[in-house]
Amino acid sequence: PEPDGSKSDLNDTHQRAGLEAVKEALEAGIRAAKASPEVPREPTSGPPLRPVEGLGDVLEVREARRLLQAEVWDGLRRPGVTLIEATLGLGKTHAMIAEVAKLLVEAKEAGIENPAAVITAPMHRLGRQMKVDIEAEAPTLRVVQLYGPEAQDPDVSSQSVCKRLDEYKERQALLLDMQKFCEVCPFVGSCLHITSKNQEAQIYVASHERLKASRTPLKKGQTLVATVIDESPMSALVNTSRRAMPLAALSVAPTRIRTKQGKEIKRLEAEADLRAFRSRLEATIKDHGVGYLRLSDLSGWTVEDAEAAAALEWRRKVDDETDPEVRGNKTITVLAGIYAEIARSIAGQIEVNGRLHIRNGEMGLECLLSGLKPVSEALRKAPVLLLDATAQVQAVQLLVGEPLVHHATIRARENIVIEQDPDWSGAKSKFFDRGKANDNIARVRRFIELQAMTSKTVVIGNKDTIAELHL
């Protein structure tokens, strides 16, 4: 019931219109879901999941932790992807750190030269704590925390690691040489992105964003022995923020192919092919109309045609930043991505492809790519261990890019009950006006103090609100 595109949620509906409005919204959503035809899902392949026997429904904490340690030990040595679901607070991360340290010692004793492991966490802040914990558990191991350009500077929280981030992102969007840009940057000597990337370690700690990288952070001569994913990487691997490409932009996107001197005829032929593919794509989108890409509307296309069209788009890439056509590079990844989804739909016989949405925009029909980039193959060459409190197996298999070889569920008897107080919204807008804390901060602080007098209270919210509460 809240405006589309706003950051409002059902908490805001509750505050604005009361509990009945929330109930009505949920009931309407359920009715709509039941009435909608089911979208065909892409089939999964591979060996069936091995059932985990003898775990019981709920274990005592000591027994659950013993079993967790054994499962982690196996998961770090078992080829393929292992998923372990375990009760929140049971000690998944602690068990993993201890076993990774043992694994590296075993690998070296087994004759593997320079073994290394990659451990990823949802946020750099969690990664920093993990680095501290690893160094306490195994002080002889070399551990490095990797930082991306957009990561928060741990020393100056109001700044990003890259001090020229806007320029960096613009050049990245233009597909220009980023190494050259970083080498001449005046901040290169103190840049955590560069200094962490250049360090060699036995354990590399990174955020989930690093899972998409085509190469591992290991240095020459090192061998990857395990990849660990702590908590679900869905928010990092599912891209829903790409900019839509209007159909009108197809006609103005550059078509000049970059080729070596003396090959003018071949260049002209390639440009003619590129324009022909663009015309066919434009006609396909118009005929298709609004909706997710349907296989039935791709008659006349082949996988080979779509792949050839994508390759031609990449051949027009401009490397010279002074060239007037360099801005046309921004359309390459989108157009190549559209052709890639056409090829994927045909090759996989996907009736409805949810990664490509054709919709009405301000300039008419437009294409929006919002897809999944699974864990890179480079990080899957070693055993992969994924740890989470709760997980959906089919979703995990899509995120990691292959079927699971083992799935363990460990549930322990919990001694903490978490409840949400219905009288309070966690929305940041309730506590801040134009960036400054309002009177609600004082009210909720007093409320928490009163609650804490009679019970153990945990407050979960956004970091700005938590900071202002001074708990």
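We use all heavy atoms of the structure for the numbers below, so side chains are in, but hydrogens, waters and symmetry mates are not.
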Task: Rounded distance (nearest 0.5 Å) linking atom CE of M96 with atom CD1 of I229 - done: 11.0 Å

TODO: Check the side chains of Y204 and Q222 for a donor-acceptor pair under 3.5 angstrom, ignoring hydrogens and angles.
DONE: yes

Open item on the list: Within the 3.5 Å criterion, strictly below it, is a donor on D153 or Q159 matched to an acceptor on the partner's side chain?
Closed with: no

Electrostatic pair [X]:[Y] at N-O distance under 4.0 angstrom:
X: K92; Y: E231; answer: no
X: E113; Y: K108; answer: no
X: K286; Y: E282; answer: yes
X: K131; Y: E135; answer: yes

For residues [X] and [Y], determine if any side-chain heavy atom of one lies less than 4.5 Å from a side-chain heavy atom of the other.
X: E402; Y: Q397; value: no
X: W301; Y: L295; value: no
X: E341; Y: I338; value: no

Task: Ring centers of Y147, H193 separated by less than 6.0 Å - done: no

TODO: List the steps and the verdict of side-chain contact (heavy atoms from CB on, under 4.5 Å) for V393 and L404.
DONE: CA-CA 8 Å; V393 173; L404 304 181; 4.0 Å; yes

TODO: Identify which one of E200, R210, K197 satisfies the side chain to side chain contact (heavy atoms under 4.5 Å, CB included) criterion when paired with P217.
DONE: R210

